[in-house]
Engineer: 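This structure is in structure tokens; I'll ask about it shortly.
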Amino acid sequence: MTPLTAASYQRCVFLDNHSTTPMDPRVIADMETAFRSVFGSAESRHHVFGNASGNAVDRSRSSIERLCGAKSGTIILTASATESNNLAILGSVGTSKDGSHIVSTASEHLSVLLPLRSLNARIESTILSVDSRGEITVDQVEAAIGPKTVLVSVIFVNNEVGTINPIADIGAVCRKRGILFHTDATQAVGKLPINLLELPIDLMSFSAHKIYGPKGVGALYVNRETVGTRLKPIMYGGGQENGLRPGTLPVPLVSGFGTACDLAREAMDDDANRIGAMRDRLWERFQNEIPNIVLNGNPTNRLYNNLNVSFLGIPSEAFMTKLRGIIAVSAGSACTSSNPEPSHVLMAMGIHSDRIESAIRFGIGRFNTMAEIEFIADQIRDTVLELRLHFR
Ligand SMILES: Cc1ncc(COP(=O)(O)O)c(C=O)c1O
């Protein structure tokens, strides 16, 4: 591994916390110990090594459950939120009768939309459009549900513009009709208070690396009382995770996930206040100092860490190239991602292509500081004003 040099690392401000987060040093410390001490298979409880690993997994599972108010024994560990979404969708409807129906939204992550598409030959899906702020309503969901609907899947917090969907109300509509309700809560868990004892959610996906934990481990919450036997595995093997997700568990990653959940629970209010203040300050500086900018999404109904802004007239590629080495962000255009399409979420919002092509997503995180925000606000103002002369 070639580490980033201290100089290049220190100069560049990481504001791409929606795509992933740096690990909390306390998570790293926990995992360092776990990598050295708990190498046994968590399934091999009959010997001391396996038993130590099994205990570490139990502790983490409890921490994950506690973070979202889930009952004991409801968390299936996976490798990522992508895998959790695939398991929730393909596992719950893969064996449904031909002609069954699913409702979802155009602002889902591709790890929801593409599994849905893969079922299209047999299972019909209604993909609800979102409004220009990225929102859907309970009425839209209710109107789309029909006699053949077996699953509704709606993202909790959108990863591009931070919109918070009315999950409790949508879940209540589904619960009333006995339809499974899945939510992709990858951007919500650890940031918003979630109490699964009260929320009518049947299946919920999330992962550790969005909450300052390690990459390579995720979770699917399964409400056993309401889901029953409707969820089937999509992989087969050693029968781990109640037969729903086979494979030997990566105990150090699971341990880090648990610690990240404990820290998220402790820091939730403080994170929200500090990060929200930084996000608001950045937007205030942009508004005061840079003309011709537009906020994408809903200015109030959105997660505290999200700021998605179009710097009109400046292709996001030019913005990113000019500021490479100074700031790490994501673009609404296709320029920086492995996906050759512009953001399908911004397109679904029906906003003009000028706005999509100039959109930049800022994701503020626990380890950013107000000094960084002031620094990058200066840099961005100077860069945008300079590029505007060029792209006139
Ligand atoms: C809303 C949402 N769902 C799913 C994912 C996929 O998460 P993972 O990287 O854990 O597979 C992401 C990652 O960006 C996301 O933001």
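Start at 1 and go down the list; that is how both ligands and their atoms are numbered.
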Engineer: Side chains of Ser330 and Asp16: is there a donor and an acceptor less than 3.5 Å apart?
Structural biologist: yes
Engineer: Pairing donors with acceptors under 3.5 angstrom, does anything connect the side chains of Ser62 and Glu65?
Structural biologist: no
Engineer: Holding to ring pair (Phe, Tyr, Trp, His ring centres under 6.0 Å), I want the full list of residues that pass it with Phe362, two or more places apart in sequence or in another chain.
Structural biologist: Phe286
Engineer: What do you reckon, are the aromatic ring centroids of Tyr212 and Phe367 less than 6.0 Å apart?
Structural biologist: yes
Engineer: What short N/O contacts, under 3.5 Å, does ligand 1 make with the protein, listed by atom pair and distance?
Structural biologist:
from	atom 1	to	atom 2	distance (Å)
ligand 1	3 (N)	Asp184	OD1	3.3
ligand 1	3 (N)	Asp184	OD2	2.6
ligand 1	3 (N)	Thr186	OG1	3.3
ligand 1	9 (O)	His209	NE2	2.9
ligand 1	10 (O)	Ala81	N	3.0
ligand 1	10 (O)	Ser207	OG	2.8
ligand 1	10 (O)	His209	NE2	3.2
ligand 1	11 (O)	Thr82	N	2.9
ligand 1	11 (O)	Thr82	OG1	2.5
ligand 1	14 (O)	Lys210	NZ	2.5
ligand 1	16 (O)	Gln187	NE2	2.8

Engineer: Is it true that Asn85 and Ser111 share a donor-acceptor pair across their side chains at a distance under 3.5 Å?
Structural biologist: yes
Engineer: Applying the side chain to side chain contact (heavy atoms under 4.5 Å, CB included) test to Ser53, which of Thr248, Val251, Asp58, Leu249 qualifies?
Structural biologist: Val251
